[in-house]
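In this chain, residues are counted from 1 in sequence order. Since this is a predicted model, take the numbers as computed values, not measurements.
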Amino acid sequence: MRHTNLRHLLPNIWKPWLIVLAGLAVTSIGCTDKAVVPPAGVIKPEPRRYLGDSTDESAAPKSGPSWWVDGTEASGIKFTYRNGRDGGHFTILESVGGGAALLDFDQDGDMDLFFSGGGSISTSKPVEISGIPAGLFRNQGDGQFTDVSDLVESSKKPLYSHGAFVADYNRDGYPDIFVTGYGGCRLLKNQGGQRFIDATANAKLESSDWTTAAAWADVDRDGWADLMIVGYVQWNGDVDSFCGDNQTKTRDVCPPQNYPGTQQHLFRNNRDGTFSEIPNAFGSEATGKGLGVVATDLNDDGWVDFYVANDQVANQLYLGGPNFPWLDVGIAAGVSGSEFGAPEGSMGVDAADFDGDGRPDLWVTNYELEDNSLYQNRGQNQFSHATVRAGLGGNGRPYVGFGTGFADFDMDGWLDLFVINGHVLYTTGRSAYLEPPILLHNVPSGSQRRFKDVSRENGGPWFQQRIAGRGAAVGDLDNDGDLDLVVVRQNDPVSILINQLQPADWVRLDLRGTTSDPDAIGAVVRSQLDGREIVRQIRSGSGYLSQFDQRILLPAKEAVDITVTWPAGKTERFRSLKPRATHRIQEGMGESP
């Protein structure tokens, strides 16, 4: 996440300009006195300004319809992710954060919520790292949630947890949860919507690795969800290394440059409740510093692909196929880093069709002084860096981006973006630890599409504050036909943002595979709106350490027809789907197109 050397950003011919730009950056940043980090929970926004920030009154929030209302208190959800900062050791473990998962665990038609808990780090040496229990909240269907965390059982002490990723791995009709964290992982098996039990050992997924991101997908097209797991760095609990500002002797979190990367793993579902690792699935040199991974069919060949967001080293693109190993083509495809080909500090990731050409594009959030990266899918396994021409140049550069994703928040048929920011350095970053979130509206620009920052105009009060944001999940919590947002913060309560832009008409699709895996990861849905085709892909791993609502919401002025291309290869048409309703779209129940 941390970068200190800017020389790689531009070719040698630009070095003179780089000196000028660096000088301008120093002028705009200014100098501030840095203090020893205060205790957790009492950090206040720092007065320093950087790049896009302004003290001009004209930069105050503009008037306009607010897209969101903060529904946290009304929801009854009270949960806080803890990162162990109170231990006072400034470990890299504290920087990663946690996520949220949306899932209908009891299959009553409402999205429930699961939160990873994080953990604590002892003040003593050697350090003791302990986990905090996860949170599970049942959706009552009236905007209220009930804490049912006691339904999550564990045969071991709680894991210092990070991410939560959902799939029906045993095809029993109920979603299960895979939890990543420091010192291993947990597979929580859903027992008929009544409770979750720890099935990690039985599933043969036990590990002592530091796991971060994961994605479920059927890699061999046998109808059962397989599992890719990525880790961050090799950190052994060292708390004696000094990192921070040497001049002021201000200590801070150590960066990933100090540690080696980790191996990536792909586990095949054995269809009996167990998993087996596929040897050298991505080649013997498949390592990285992974914080995000998204899975879907990126090249329309019928095989699911994986895109990995790495911190400090090149991002990776693994194109699926019938034979292993799957090789990394990230550099050749143009998605390994910046527009100059340099690795970046990447965190959050998503894949979806933002420009309406039917092909899924890639989106990655990055560290400060780096633009977030939008890769436009050009077909033939080629992408172009579209950040600047899509209006995103400089937008996220002052901040450290984590939770993110494509979502049609205003239900106009075009996918918008959000970015949840928050620094990893408590006091020595170029911007403050607490950072503002960003809301980006997909708007026309001639024959192209661009993103407009509407954080001030339409974000409402919540988007005007500064937070230490990490994971976030998108989904329709109240089943009213628009997409809500759940945000996880470091050492502060989670936020529940309710969408106020309820459309007049909409159609919700709940895809269920039969020959394909039940969650239909990689399925492609096509529909028509105002004479153009809307294409949506089912993907896994979207965002940062989180699980989105997998149901598809489409704008609909009248009954609509859709076609679905399933991961198993069959294409079906489903006709006359009535608006303002949820439709179970089951593989094998449609007609030939």
Side-chain angles (χ1 to χ4, degrees), residues 60-78 100 102 109-113 137 139-145 350 352 354 403-421 436-444 451-467 469 471-489 492-509 529 534 536 542-543 546 548-557 579-582:
K62 301 175 182 179
S63 61
S66 175
W67 290 14
W68 310 99
V69 63
D70 190 338
T72 310
E73 183 175 354
S75 73
I77 294 176
K78 296 180 180 179
L102 273 64
D110 299 311
M111 285 289 110
D112 309 302
L113 283 169
F137 293 83
N139 192 332
Q140 300 299 115
D142 56 359
Q144 297 286 316
F145 289 78
D350 203 2
F354 89 91
T404 194
F406 290 107
D408 187 2
F409 288 124
D410 60 347
M411 290 296 287
D412 64 352
W414 297 96
L415 295 173
D416 310 303
L417 280 169
F418 73 95
V419 182
I420 304 301
N421 297 305
I438 300 174
L439 180 62
L440 299 159
H441 189 201
N442 190 331
V443 297
F451 289 94
K452 176 185 178 183
D453 188 338
V454 295
S455 308
R456 296 178 180 272
E457 182 179 352
N458 303 117
W462 193 89
F463 272 84
Q464 311 313 315
Q465 65 180 319
R466 290 174 178 262
I467 64 173
V474 177
D476 191 354
L477 296 177
D478 46 11
N479 280 340
D480 65 350
D482 55 34
L483 294 172
D484 309 304
L485 188 59
V486 180
V487 180
V488 175
R489 302 186 286 176
D492 275 320
V494 300
S495 294
I496 310 296
L497 304 181
I498 303 300
N499 194 325
Q500 299 298 288
L501 302 179
Q502 183 176 353
D505 292 295
W506 47 270
V507 166
R508 181 184 288 109
L509 310 176
L529 177 69
I534 296 178
R536 298 288 183 263
S542 294
S546 296
F548 289 12
D549 183 350
Q550 295 287 57
R551 303 174 300 175
I552 294 176
L553 268 174
L554 296 172
K557 298 179 179 179
R580 304 188 69 80
T582 301

Distance-only, no hydrogens or angles: does the Asp482 side chain make a donor-acceptor pair with backbone N or O of Gln502 under 3.5 Å?
yes
Could you check whether any side-chain N or O of Gln144 sits under 3.5 Å from a backbone N or O of Ala74, counting only pairs where one atom can act as donor and the other as acceptor?
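Indeed, once roles are kept as given, a pair shorter than 3.5 Å links the two residues.
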If we only count heavy atoms from C-beta on, is the [X] to [Y] side-chain gap below 4.5 Å?
| X | Y | answer |
| --- | --- | --- |
| Val454 | Leu440 | no |
| Val494 | Val488 | yes |
| Ser66 | Trp462 | no |
| Ile467 | Val487 | yes |
| Leu497 | Phe463 | yes |

Working to the nearest 0.5 angstrom, can you tell me the gap between [X] [atom1] and [Y] [atom2]?
| X | Y | atom1 | atom2 | answer |
| --- | --- | --- | --- | --- |
| Arg456 | Leu439 | CZ | CG | 13.0 Å |
| Asp476 | Ile552 | CG | CD1 | 13.5 Å |
| Glu457 | Trp67 | CD | CH2 | 9.0 Å |
| Arg489 | Ile420 | CZ | CD1 | 10.0 Å |
| Phe145 | Met111 | CZ | CE | 10.0 Å |
| Ser455 | Phe418 | OG | CZ | 12.0 Å |

For [X] against [Y], the heavy-atom pair lying closest together:
| X | Y | value |
| --- | --- | --- |
| Pro579 | Asp505 | CB-OD1, 4.0 Å |
| Gly413 | Leu529 | CA-CD2, 4.3 Å |
| Val486 | Ala100 | CG1-CB, 4.1 Å |
| Thr72 | Ser495 | OG1-CA, 3.4 Å |
| Asn479 | Gly109 | ND2-O, 2.9 Å |
| Arg580 | Pro503 | NH1-O, 3.4 Å |

Scan side-chain atoms only and decide if Asp410 and His441 contain a donor-acceptor pair under the 3.5 Å cut-off.
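Indeed, the side chains of Asp410 and His441 share at least one donor-acceptor pair under 3.5 Å.
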Show, in sequence, the C-alpha distance, side-chain angles and deciding distance for Val474 and Asp484, and conclude whether the side chain to side chain contact (heavy atoms under 4.5 Å, CB included) test is met.
CA-CA 6 Å; Val474 177; Asp484 309 304; over 6 Å; no
Mind checking whether Phe451 and Phe406 have parallel, tilted or perpendicular rings, split at 30° and 60°?
tilted
Relative to each other, are the rings of Trp68 and Phe409 parallel, tilted or perpendicular (30° and 60° limits)?
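Perpendicular.
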Which residue is it: Ile496, Asn499, Leu483? I am looking for the one with a side chain to side chain contact (heavy atoms under 4.5 Å, CB included) to Leu477.
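Considering Ile496, Asn499, Leu483, a side chain to side chain contact (heavy atoms under 4.5 Å, CB included) with Leu477 is found only for Ile496.
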Working note: Asp453 + Ile438, criterion side chain to side chain contact (heavy atoms under 4.5 Å, CB included); need CA distance, chi angles, decisive distance, verdict.
CA-CA 7 Å; Asp453 188 338; Ile438 300 174; 3.9 Å; yes
Could you walk me through whether Met411 and Leu501 pass side chain to side chain contact (heavy atoms under 4.5 Å, CB included), step by step?
CA-CA 8 Å; Met411 290 296 287; Leu501 302 179; over 6 Å; no
